[in-house]
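Right, one structure below, let's go through it.
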Amino acid sequence: MAWEQLVEVIRRARQDHDDYVSQPPRACPHDGEPLKVRPDGGLFCPSDGWRPEMDPSWH
Ligand SMILES: [Zn+2]
């Protein structure tokens, strides 16, 4: 693989990662339950009450 191709692969992977972390989660990581929208606009799991902001990995 040429150096330029490698650089491009890394650049795309980084962009994918940025896209991924900027997306809010769609399902609870504990039980896979689709998240619901709270009255304040945030998300929560209707099954166990998990919220994305409780998990620092989503910041
Ligand atoms: Zn849950």
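All values derive from a computational prediction rather than experimental measurement. Both counts, for ligands and for their atoms, begin at 1 and track the order of listing.
Both Leu35 and Val37 are part of a single hydrophobic cluster, where members link through side-chain heavy atoms under 4.5 Å apart.
For His30, every N, O or S atom stays at 2.8 Å or more from the Zn ion (ligand 1). Coordination check, Glu33 versus the Zn ion (ligand 1): failed, since every N/O/S atom of the residue sits at 2.8 Å or beyond.
For the residue pair Ser47 and Glu33, the shortest heavy atom distance occurs at CB-CG, 4.0 Å.
Centred on the Zn ion (ligand 1), the angle running from Asp31 (OD2) to Cys28 (SG) is recorded as 120°, rounding to 10°.
Atom CZ of Arg38 has more than 12 neighbouring heavy atoms from other residues, nucleotides or ligands inside a 6.0 Å radius.
Going from atom CD1 of Ile10 over to atom CD of Gln5 covers 12.0 Å, rounded to the nearest 0.5 Å.
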